[in-house]
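As the structure is a prediction and not an experimental result, all values here were calculated from the model. Computation of the quantities below employed the complete heavy-atom set of this structure, encompassing side-chain atoms and omitting hydrogens, waters and symmetry-equivalent molecules.
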Amino acid sequence: MINRLYLLIALAVLIAVPLRAQTVRYEVSVTKGEFHVAAEFPAGGKDTLLVSLPAWSPGNYEIQNYARFVHGFRAKNANGQPLYWDRFDKDTWRVATGRSDRVTVEFDYSSETIDLSIARVAPDFAQFLGTNLFLFEEGQSGEARPAEVRFRLPAGWQVTTALKGPTGGGGFYRAGDYHELADAMTFVGRYSLDSLQADGKWIRIAVWPAADYTPAVARNLRNGIAKMAPVQNRIMGDAPYDVYTVFFNVIHGPIDFGGGLEHSASQYDIMPALAFADPSGTLGDFMYPLLSHEFFHLWNVKRIRPAEMWPYDYHGEQYSPLLWWSEGVTDYYADLTNLRSGLWTPDQFLGNAVTNIKQVEDTPEPWSVEDGSEATWIHEVYINSSQLYYPKGSLLGFLLDISIRDATDNAHNLDQVMRALYTRYYRQNKGFHTADLLSELRTAGMPDVDTFYRRYVDGRDSLPYETVFAKAGLVFHREIATNPFVGVSANPAQTGGVVVQAVTPGSSAETAGVQPGDVLMSIGGIAVTPDQDWGGPFRSRYRGKAGQPLTITVQREGRTLTLNTTVQEHTASTVTLTRAPNPTPKQTRIWQGLASGL
């Protein structure tokens with residue numbers, strides 16, 4: 001017994017010492033409006049050390065090349081003596097170690113870019129993601145090399161990070177490996193920090209600027225999060241975190257986007273101030289869908305991950321045909337969460353589905369969600385299918401869920417497919433392929449999986465809304481309307497009049513020669529003024545008169561011009577999705593099961 005005890009202690013020492021020796025130690029400070037980062041690597045007496053910054057951040061499928069923000073790079077040995085270094089490639093530095101056991105590299109990082117995956121420093125605040133600042137040694141990024149991080153910050157600044165800690169006298173935060181380190185979102189500075197418990201787990205809310213976290217905003221945010229978390233935990237069967245953090249930036253300057261980026265135990269969201277909350281504290285319409293979407297990523301994509309992204313390669317693109325599932329079906333579960341939690345009414349849930357249908361159908365040519373998944377890295381110009389696989393993927397999730405419930409009389413559902421992926425792939429430490437997903441759908445009872453996949457996932461056929469929605473007692477109705485169409489986007493000008501902002505290619509306006517900057521005076525004899533709607537009278541007068549002459553009068557550079565063209569018509573469809581007034585018992589069971597999760 002004594003000998004065995006000594007043996008266990010000896011083994012523990014032998015294991016612990018090498019692990020400690022392999023730890024990479026980082027120090028992050030903020031001075032003069034930028035980050036300063038020092039990273040001490042175990043060099044093990046090797047001649048050359050190759051260290052890299054990631055080129056992208058998982059979840060944000062875009063090459064960012066964070067090394068472009070680096071300057072003042074330098075290296076030294078354990079005695080503080082400078083070491084020779086040079087650039088090896090776009091995001092890698094090569095250091096001649098002089099066979100030192102440990103090598104420290106330092107650099108400054110400067111960026112004012114507002115982005116979900118790029119670090120930024122403001123006068124009283126800074127935020128970063130681990131991929132931005134934490135170098136890794138080539139050949140070691142996927143291994144269990146632990147990391148320690150400490151901060152040196154201005155007086156009065158606080159730290160909120162997804163890293164574990166702080167521990168020890170030096171206030172070190174810790175990560176078990178580089179993947180955990182790279183995924184760590186962090187706020188430092190002066191901001192609001194709140195917390196609540198949901199399902200026995202702590203959830204923190206960090207908001208900058210602090211003034212935007214008013215008592216009314218806090219009440220509405222806390223209420224939403226407290227309702228979302230238990231619903232999603234029930235769907236998936238567990239809460240895979242000890243502490244979860246919602247990081248929020250509210251932007252008061254010009255910004256043309258709002259969104260979020262998921263992490264293994266946190267989410268980082270950016271919203272324009274007017275879309276965040278109104279002066280009364282009422283949250284913007286996108287807030288609950290955003291929070292719910294990023295929260296469900298805890299399971300879908302951070303853990304249930306396409307095999308093509310297992311493990312992560314931080315140097316370049318990792319193409320997968322499955323992002324429609326990772327992102328689009330996550331959108332479906334975000335919407336389901338808001339319905340099941342009572343944050344949305346059934347009408348809001350169905351109205352959101354109609355919005356998704358409109359987005360998908362307004363595209364000028366057919367496309368598949370698999371193609372969109374692969375193309376997410378290239379920023380398509382004509383059709384941005386990398387954004388459209390969100391609404392189309394959500395609709396596919398909706399249709400799959402109803403189809404499974406209908407085929408099994410509500411005994412099985414898409415929730416079970418999601419749990420099966422979580423159990424059989426993530427918990428087995430591997431990613432899943434399309435064939436695996438189709439197998440799980442088949443096991444759950446989805447009829448004719450291969451045909452559905454061929455036509456609607458890999459294929460470009462129009463989705464079978466009417467036939468599938470009817471199985472859940474939902475009435476899908478489409479109304480086709482043809483109206484005359486001018487083809488101008490115009491806004492009232494401060495100096496009076498209505499100024500053309502853009503002209504639609506191929507439209508009556510373009511044929512006439514209308515240009516951005518023109519002031520519209522009349523269209524087809526109907527006066528155009530800032531204080532009246534000219535569109536209604538125009539459509540009434542010219543409906544059904546395609547090809548007839550049309551005059552457009554504009555002012556351009558002080559001259560009045562009468563431009564000649566012909567009437568063109570535009571065909572558009574209006575879609576509605578409502579609950580049937582007298583559903584069958586089976587339809588009722590399917591809808592109630594979907595809407596309640598029971």
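- Side chain to side chain, Ser368 and Asp371 meet the donor-acceptor criterion of an N or O pair below 3.5 Å.
- No side-chain donor from either of Glu262 and Tyr268 sits under 3.5 Å from a side-chain acceptor of the other.
- Using a 30° and 60° split on the angle between ring planes, His293 and Tyr390 fall in the tilted class, from 30° to 60°.
- Side chains of Thr337 and Tyr288: no donor on one and acceptor on the other come within 3.5 Å.
- With hydrogens and angles ignored, the 3.5 Å screen pairs a side-chain donor or acceptor of Tyr178 with a backbone N or O of Phe134.
- The 12-atom threshold is exceeded at OH of Tyr319, counting heavy atoms of other residues, nucleotides or ligands nearer than 6.0 Å.
- Within the 4.5 Å cutoff, the side chain of Arg424 has heavy atoms near those of the Glu440 side chain.
- Counting all heavy atoms, side chain and backbone alike, Lys227 lies closest to Pro230 at O-CD, 3.6 Å.
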Is there a side-chain contact (heavy atoms from CB on, under 4.5 Å) between Arg303 and His297 once you walk through the steps?
-> CA-CA 8 Å; Arg303 290 170 171 83; His297 271 316; over 6 Å; no
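- Nearest heavy atom pair, residue Trp85 against residue Phe73, reads CZ2-O, 3.3 Å.
- Among residues two or more places apart in sequence or in another chain, the ring-ring contact (aromatic ring centres under 6.0 Å, His included) test is passed with Tyr213 by none.
- Contact check for Phe41 versus Arg102: no side-chain heavy atoms found under the 4.5 Å cut-off.
- Between Asp89 and His315, the side chains place no donor N or O within less than 3.5 Å of an acceptor N or O (distance only, hydrogens not considered).
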